[in-house]
There are 2 protein chains.
Amino acid sequence: MAGKKEEFENNPVCEILCVHTDLIESVRETLIPGGQVHQLAELFKTLGDPTRVRIMDALAKNEFCVCDLAELLELSQSATSHQLRVLRSNDLVKYRREGKMVYYSLDDEHVLALYREGLEHISEGRG
Amino acid sequence: MAGKKEEFENNPVCEILCVHTDLIESVRETLIPGGQVHQLAELFKTLGDPTRVRIMDALAKNEFCVCDLAELLELSQSATSHQLRVLRSNDLVKYRREGKMVYYSLDDEHVLALYREGLEHISEGRG
DNA sequence: TGTACATATGAACATATAGACATATGTTGG
DNA sequence: CCAACATATGTCTATATGTTCATATGTACA
């Protein structure tokens, strides 16, 4: 029952047998580092919530203060602020203070491009 | 204590007072429908997991069978297959069968563009 | 047909998170 | 300083989800 796969190299024991070792080794060098994996996942996860998508959609069209966003999207003030905080932490939106009010907008053109790229994907999926 | 905000229209009672009604009404017409909101959130949410990001990253560089992916990313076969299923359901990857093996790759150029757009965002944030 | 391998799926558990509620912070005007 | 308003934040709970373990499906070959 043992010592059956020794016809390969003395690799660390691996249950899987179909591995294309050379390909794996060469691609392994090009994989993005763990830190970037985490950042990238956080970025997409941030966009991966219906409420935040709606906020992004609104901000893609105009700058808004918190209470306008809440009214427009029929959200509570708390929920709106919480989600804006998440978007802010991930550099998806920026804000400027004007008196008591705080106005939010998309952080830059790049964020807008990312959002629209997503929109295109789901649109073409319909054809 | 009551009937204080009747100087506005007889809108449904709203605790918020700072609303820019005209702006909201005009933007409201342009908001994306609920179905698209859901689809878009699902798309981004799918990309919003470290394991799936790593799979996307690998597939952005080469086609892989399941066990190669598992080996390359040091994941269990089950976890790999589960995540590939999620990616497949959201049209982010496609697959082809060859004998016992199933080879996965990115669904199209558009998916790759979306992934790279995300990469650029986190890269520029470093500057 | 039966065995071995590659992949897929089902169930269960631990963790993460969106929103409600209450409250704190920050700003303006008196 | 105090009151009123706009926004932010802490806590809690219900829900969603990633992984593991066990098992099922599918394919090739003897």
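In this text the structure is predicted, and so the values were computed from the model without any measurement. Below, all heavy atoms of this structure are taken into account, side chains as well, without hydrogens, waters or symmetry copies. All chains are named by letter (A, B, ...) in the order of the sequence lines, taking the proteins before the strands, and each is independently numbered beginning at 1.
- Ranked by how close their nearest DNA chain C nucleotide is to the 5' end, A/Ala79 and A/Glu42 are led by A/Glu42.
- Look at CG on B/Asp49: it is 13 Å from C1' on D/dA16, rounded to the nearest Å.
- Note: CG (B/Leu69) to P (D/dT19) measures 14 Å, nearest angstrom.
- Summarising the geometry, the separation between CD on B/Glu71 and P on C/dA6 is reported as 12 Å, rounded to the nearest angstrom.
- Of the possible polar contacts, none joining the A/Asp49 side chain to the A/Lys45 backbone as a donor-acceptor pair under 3.5 Å is found.
- For B/Lys61 (side chain) and A/Val27 (main-chain N/O), no donor-acceptor pair under 3.5 Å exists by modelled atom type.
- For B/Val66, whose side chain is taken as the heavy atoms from C-beta onward, the closest listed nucleotide among D/dA8, C/dA8, D/dA6 is C/dA8.
- Across all strands, A/Ser76 comes closer than 4.0 Å only to sugar-phosphate atoms, never to a base (heavy-atom distances).
- Residue side chain B/Ser78 reaches the base of C/dT9 through a donor-acceptor N/O pair under 3.5 Å, judged by distance alone.
- B/Leu40 and A/Leu119 get closest at one heavy-atom pair: CD1-N, 3.6 Å.
- Remark: P of D/dG18 and CG of B/Leu47 are 12 Å apart, rounded to the nearest angstrom.
- Between A/Phe44 and A/Leu114, some side-chain heavy-atom pair lies under the 4.5 Å cut-off.
- C/dC21 atom P lies 14 Å from atom CG of A/Leu75, rounded to whole Å.
- Mapping B/Glu98 and A/Cys65 onto DNA chain D via the closest heavy atom, the residue that lands nearer the 5' end is A/Cys65.
- Put simply, B/Arg52 has a side-chain N or O that comes within less than 4.0 Å of OP1 or OP2 on D/dG18.
- A donor and an acceptor atom never sit less than 3.5 Å apart when one is taken from the side chain of B/Gln77 and the other from the base of C/dA6.
- Between A/Asp68 atom CG and D/dT7 atom C1' the separation is 13 Å, expressed in whole Å.
- Of the side-chain N and O atoms in A/Lys45, none sit less than 4.0 angstrom from OP1 or OP2 of D/dT17.
- OP1 or OP2 of D/dA8 has at least one side-chain nitrogen or oxygen of A/Tyr104 nearer than 4.0 Å.
- Within the structure, a side-chain polar atom (N or O) of A/Thr51 is placed less than 4.0 Å from OP1 or OP2 of C/dG19.
- Ring-base stacking between B/His82 and D/dT19 is not satisfied when judged by a centre separation under 5.5 Å and a plane angle under 30°.
- Side-chain atoms of B/Met101 lie closest to C/dA6 of the nucleotides C/dA6, D/dA8, C/dA8.
- Toward the 5′ end of DNA chain C lies the nearest nucleotide of A/Gln83, the other residue of the pair A/Arg97 and A/Gln83 mapping further downstream.
- Rounded to whole Å, the distance from CG on B/Leu84 to P on D/dT19 is 12 Å.
- B/Asp108 places a side-chain N or O within donor-acceptor distance of the main-chain N or O of B/His110, the cut-off being under 3.5 Å.
- By the neighbour-count criterion of 12 heavy atoms within 6.0 Å, atom OH of A/Tyr95 is sparsely surrounded, having that number or fewer from other residues, nucleotides or ligands.
- B/Ile55 has its CD1 atom 14 Å from the C1' atom of C/dT7, to the nearest Å.
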